[in-house]
There are 2 protein chains.
Amino acid sequence: MTDQHSSEQLSRVFAALADPTRRDMVARLTVGDATVGELAAPYDVSVQAVSKHLKVLEEAGLVSRGRDAQRRPVHLEAEVFDLMTKWIERYRRQAEQRYQRLDAVLAALQYAENPETAPSTPQEGTAS
Amino acid sequence: MTDQHSSEQLSRVFAALADPTRRDMVARLTVGDATVGELAAPYDVSVQAVSKHLKVLEEAGLVSRGRDAQRRPVHLEAEVFDLMTKWIERYRRQAEQRYQRLDAVLAALQYAENPETAPSTPQEGTAS
DNA sequence: CGCTTCCTCAACCGTTTGGTTGAGGAAGAC
DNA sequence: GTCTTCCTCAACCAAACGGTTGAGGAAGCG
């Protein structure tokens, strides 16, 4: 439960999804489980390369692998997405709050300079 | 507006956030804008290294930079987070739907085998 | 048994990445 | 003007990454 672990996990997840091929595989896996061969088919790379990609996804916890004779069906693990979403949402929310505070300050300044002008409600994130 | 562009943008954003130092800087920036020097202070690396990190964040669109005399204040751009969130949510939702479908199928099978057992509503993502 | 299928491991290779140091531009301070 | 502060650019370096080929394990098929 250490923050250390969580941070490394997060790094692995983000790094895994930084590759478009790997993102594409994740997209493919939302439709249903697939074998390595099936996953490799659409791409113009060797099966070994795909195997490496899957290892990266697995170590990020995005994917798990079963056994079906020679085949190794790949399964998408949706839970890890929550880790990312939490991280993103945390900072996105803080940033938004900051904007709102800034808007409030600007509105107050505006009001101090021109008390005739109604401060009204600050506009939401309409920054360039 | 091409998918190409969006995919490359997504790759840059994920890659940028794959580095813990860069994630930390983003966290720091949610508190408020900061100069390069201020951002560099907490870390045991050269200012040049931090400057490079900021370039990565900027090219990912996560950050913009202003001018204040010699200083280059860094500002967090919250919009790009939405791009990520959209991508994640899309696939997380699909995966969840798939689980629900699977749950429904399993419930139906269960019901077919033991019609006495009430199928009830499938539980939400409570998988291990 | 031998043979084929599915997949992974190991070694190698070029490119990218995250760091360094050194040089230097831009702008306030003296 | 000179000096100092803040920051970026350029060159370099080791490590990691994404790909390749070759070898080989595991398991069904003949």
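Proteins come first, then strands; the chains are lettered A, B, ... in the order of their sequence lines, and each starts at number 1.
A residue-by-residue look at A/Arg67 and A/Val56 shows that A/Val56 has its nearest nucleotide of DNA chain D further toward the 5' end.
By the side-chain contact (heavy atoms from CB on, under 4.5 Å) test, B/Ala18 is found to be paired with A/Phe14, A/Ala15, residues two or more places apart in sequence or in another chain being considered.
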Measure all distances between protein nitrogen or oxygen atoms and nitrogen or oxygen atoms of nucleotides 2-9 of chain C, and list the pairs falling under 3.5 Å.
unit_1 : atom_1 : unit_2  : atom_2 : d
C/dC7  : OP1    : A/Val36 : N      : 3.2
C/dC7  : OP1    : A/Arg72 : N      : 3.4
C/dC7  : OP2    : A/Gly37 : N      : 2.7
C/dT8  : OP1    : A/Arg65 : NH2    : 2.4
C/dT8  : OP2    : A/Ser51 : OG     : 2.5
C/dT8  : O5'    : A/Ser51 : OG     : 3.4

Check against side-chain contact (heavy atoms from CB on, under 4.5 Å), B/Leu29 and B/His75: CA-CA 7 Å; B/Leu29 286 169; B/His75 175 79; over 6 Å; no
Audit row: A/Glu89, B/Thr85, side-chain contact (heavy atoms from CB on, under 4.5 Å) steps and yes/no: CA-CA 8 Å; A/Glu89 279 307 304; B/Thr85 308; 4.1 Å; yes
Verdict with supporting geometry, A/Met84 and B/Met84, side-chain contact (heavy atoms from CB on, under 4.5 Å): CA-CA 9 Å; A/Met84 256 190 308; B/Met84 254 191 308; 5.8 Å; no
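Inter-residue side-chain proximity for A/His53 and A/Leu39 is flagged as unmet; no heavy-atom pair is nearer than 4.5 Å. You'll find the side chain of A/Trp87 reaches within 4.5 Å of the side chain of B/Leu17, heavy atoms only.
Comparing C/dG28, C/dT20, D/dG19 by their closest approach to the side chain of A/Ala49 singles out D/dG19.
The distance between atom OH of A/Tyr43 and atom C1' of D/dG18, rounded to the nearest whole Å, is 15 Å. Remark: P of D/dA26 and CG of A/Asp68 are 17 Å apart, rounded to the nearest angstrom.
Comment: A/Glu58 does not engage A/Lys55 in a salt bridge, judged by the lack of any side-chain N to carboxylate O separation of less than 4.0 angstrom.
Scanning residues 10-26 of chain B for heavy-atom distances under 4.0 Å to DNA chain D yields an empty list.
The closest side-chain donor-acceptor pair between A/Ser7 and B/Arg23 falls under 3.5 angstrom.
At least one side-chain nitrogen or oxygen of A/His53 sits closer than 4.0 Å to the OP1 or OP2 atom of D/dG19.
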